[in-house]
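Notes follow the structure.
We name chains A, B, ... by the order of the sequence lines, and we start the count at 1 in each one. Predicted model only: the values in this text are computed from it and were never measured.
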There are 2 protein chains.
Amino acid sequence: MKELKTKIAPRPRGRPRSERARQEILEAAYKLLRDKGFNAVGSHEIAQTAGVSSATLYRWWKSKEEILFDACFERMKPILAIPETGSGLTPLRRYVLRAAEFLVSEEGAVMARVFTGIHEDKRLRQAFLERYVEHRRQIQRRIIEDAIASCELKSTTDPELLIDVLTGPLFFRWLQGHAPLDKGFAKSILDSVIPAFRPH
Amino acid sequence: MKELKTKIAPRPRGRPRSERARQEILEAAYKLLRDKGFNAVGSHEIAQTAGVSSATLYRWWKSKEEILFDACFERMKPILAIPETGSGLTPLRRYVLRAAEFLVSEEGAVMARVFTGIHEDKRLRQAFLERYVEHRRQIQRRIIEDAIASCELKSTTDPELLIDVLTGPLFFRWLQGHAPLDKGFAKSILDSVIPAFRPH
DNA sequence: GTAGAAACGAAACTTTAGGTTTCGTATGTC
DNA sequence: GACATACGAAACCTAAAGTTTCGTTTCTAC
């Protein structure tokens, strides 16, 4: 009972963290990430662009990688919050087309840099799975399960498999870049894969 | 005509490059890459492990990344040289199963590190496409075209699409690691995708 | 066999960048 | 007004990539 207050106003003592500085840092980091790439961004450069001291960076983040990671997700937040509507196969098709659109956008390119940049950092990879991948898959799972329930997909459909077969090829071209990733490609995937999961 | 000799014995003057040093460097680089990861390997560490001077490294390679890149491909050369035999759908199924096997192997894990490690280096990405991707796709293209010719696949099959739909999901799990990449998964992909490309 | 050309090892060196420390000041709560 | 904590500025530390120097070795040409 004596901890009830912490739920309502757990405001710590002392000077509060500057929300302005936090936003400036993440914004500066995102822009540098976009303009120069993951490895080329300097930590002092981020601080200078944000009009902030280097010390402030490392008061809140453990490493440059973590800053860039957070900067990416801060930016993607509104983009990834688009709600899913409709029923049957329509939302599934729309989801894949939107995913393709996102991956080729500027934000998608930045995310590719972050994705490859953090690949060897176990903690950040885990965070990526939790904060991005798992959330996205959850949406797709729900869509697919709905379509199964309405008999637009076979009752034996494995949602995990279908997600990977639909999204994997997009991811493949996104990172490897052996061929263009456009809406035509996304449609081709849908048109060839979905029939294999439909009841006859 | 006066350049004819260069084709037969273009041996330059001076002391020849040490083939032994070259191999020791690439071998040391591969082992360090395997044991410590792409970013954690130091250039002086490679030199020391190989019993070679740092200067020798940079006489032949432009950067540490290039050394690790070459070290990876030197090691993969024999693995990737396995010939393809058989006709019909068998070689296609076998290819996908072997690809899955390779990706989860130690060598596959090392290659993932190299792949992500060089992502922002334009020259090395291009080299990766030419030295690895294009070669692998060529093999798959031939297999698929054979299967089309023998009417085991629809005549309208787009080889590029089929390659991406079969391999993309493997690649997806390989790099993103949201779910295990094993033979069972590879079989599931084959069993669900191939029927969609078969003539009825 | 000797001259010239180029690679080699050893080791000092330069530069850049990630991250830390210090300290005086600013901003909040009690 | 006391206390706690964040802030900026700037010097600082350390590690690592890549370079330079130089004496030595290994080859070709004559």
Side-chain angles (χ1 to χ4, degrees), chain A residues 2 5-6 8-29 32-33 35-71 114 117-118 120-121 123-124, chain B residues 2 5-6 8-26 28-29 32-33 35-71 117-118 120-121 123-124:
Chain A
K2 72 168 180 245
K5 224 171 152 187
T6 59
I8 301 167
R11 181 73 146 291
R13 320 231 311 203
R15 179 175 176 175
R17 175 175 181 184
S18 165
E19 174 61 19
R20 169 119 188 280
R22 189 189 138 271
Q23 286 177 6
E24 297 276 15
I25 289 166
L26 294 179
E27 198 173 323
L32 290 168
L33 185 55
D35 298 340
K36 308 181 63 172
F38 195 87
N39 299 314
V41 183
S43 62
H44 290 186
E45 198 181 9
I46 296 176
Q48 195 173 3
T49 307
V52 148
S53 164
S54 276
T56 302
L57 260 54
Y58 294 100
R59 249 189 290 271
W60 304 107
W61 288 276
K62 287 184 185 164
S63 64
K64 192 188 69 171
E65 285 73 31
E66 218 170 77
I67 299 173
L68 295 174
F69 180 86
D70 276 1
V114 171
I118 65 168
E120 294 202 329
D121 186 312
R123 278 186 47 253
L124 291 180
Chain B
K2 72 166 179 248
K5 226 171 150 188
T6 60
I8 300 167
R11 183 72 147 293
R13 319 232 312 202
R15 179 176 176 173
R17 175 175 181 184
S18 164
E19 173 61 20
R20 168 118 188 282
R22 189 188 139 271
Q23 286 177 6
E24 297 276 17
I25 289 166
L26 294 179
L32 290 168
L33 184 56
D35 297 341
K36 309 181 62 171
F38 194 88
N39 298 314
V41 184
S43 63
H44 288 191
E45 200 181 8
I46 297 176
Q48 194 173 4
T49 307
V52 148
S53 165
S54 276
T56 303
L57 260 53
Y58 293 101
R59 250 190 288 270
W60 304 108
W61 289 275
K62 287 183 184 164
S63 65
K64 190 187 70 171
E65 285 73 31
E66 218 170 78
I67 299 173
L68 295 174
F69 180 86
D70 276 1
I118 65 167
E120 294 202 330
D121 186 314
R123 278 184 47 251
L124 291 180

Between dG28(C) and R13(A), is there an OP1 or OP2 to side-chain N/O distance shorter than 4.0 Å? no
May I have the distance from N39(A) (atom CG) to dA17(C) (atom P), rounded to whole angstrom? 12 Å
Here the distance between atom P of dG9(C) and atom CD of Q48(B), to the nearest Å, is 13 Å
Can you tell which of dA17(D), dC8(C), dG28(C) lies closest to the side chain of S18(B)? dC8(C)
Do D70(B) and I25(B) touch side chain to side chain, with heavy atoms closer than 4.5 Å? no
Enumerate, atom names and distances included, each donor-acceptor pair closer than 3.5 Å involving a side-chain atom of residues 47-55 of chain A, sequence neighbours excluded.
{"residue": "T49(A)", "atom": "OG1", "partner": "E45(A)", "partner atom": "O", "Å": "2.7"}
{"residue": "S53(A)", "atom": "OG", "partner": "A55(A)", "partner atom": "N", "Å": "3.1"}

At under 4.0 Å, does any side-chain N or O of W60(A) touch on OP1 or OP2 of dC7(D)? yes
Main chain of N39(A), side chain of E120(B): is a donor-acceptor contact present, judged purely on distance under 3.5 Å? yes
Can you check whether any acceptor in the base of dA26(C) is under 3.5 Å from a donor in the side chain of R15(A), or vice versa? yes
Assign each of P16(B) and S54(B) to its nearest nucleotide of DNA chain D by heavy atoms, then name whichever residue's nucleotide is nearer the 5' end. S54(B)
Separation of dG18(D) P from W61(B) CH2 (nearest whole Å): 14 Å
OP1 or OP2 of dG19(C) less than 4.0 angstrom from a side-chain nitrogen or oxygen of Y58(A), does that happen here? yes
dG8(D) P sits how many Å from R17(A) CZ, rounded? 11 Å
Whole angstroms only, please: what is the CD-C1' distance between E19(B) and dC8(C)? 15 Å
Whole angstrom value for the distance that separates P of dA6(D) from CD1 of I25(A): 13 Å
Write down the distance between NE2 (H44(A)) and P (dG8(D)), rounded to a whole number of angstrom. 14 Å
Does a side-chain N or O of T56(A) approach OP1 or OP2 of dG8(D) to a distance below 4.0 Å, or not? yes
Separation between CZ of F69(B) and CG of L26(B), rounded to the nearest 0.5 Å: 12.0 Å
Taking the side chain of S43(A) as its heavy atoms from C-beta onward, which of dA9(D), dG18(C), dA10(C) lies nearest to it? dG18(C)
Side-chain atoms of R59(A) come closest, of dT19(D), dA7(C), dG8(D), to dG8(D)
Measure the distance from NZ on K64(B) to P on dA15(D) and round it to the nearest whole Å. 16 Å
Between dA9(D) and S53(A), counting only base atoms on the nucleotide and side-chain atoms on the residue, is there a donor-acceptor pair under 3.5 Å? yes
May I ask you to establish whether R22(A) and W60(A) are in a cation-pi arrangement, using a distance under 6.0 Å from NZ or CZ to the six-membered ring centre and at most 45° from the ring axis? no
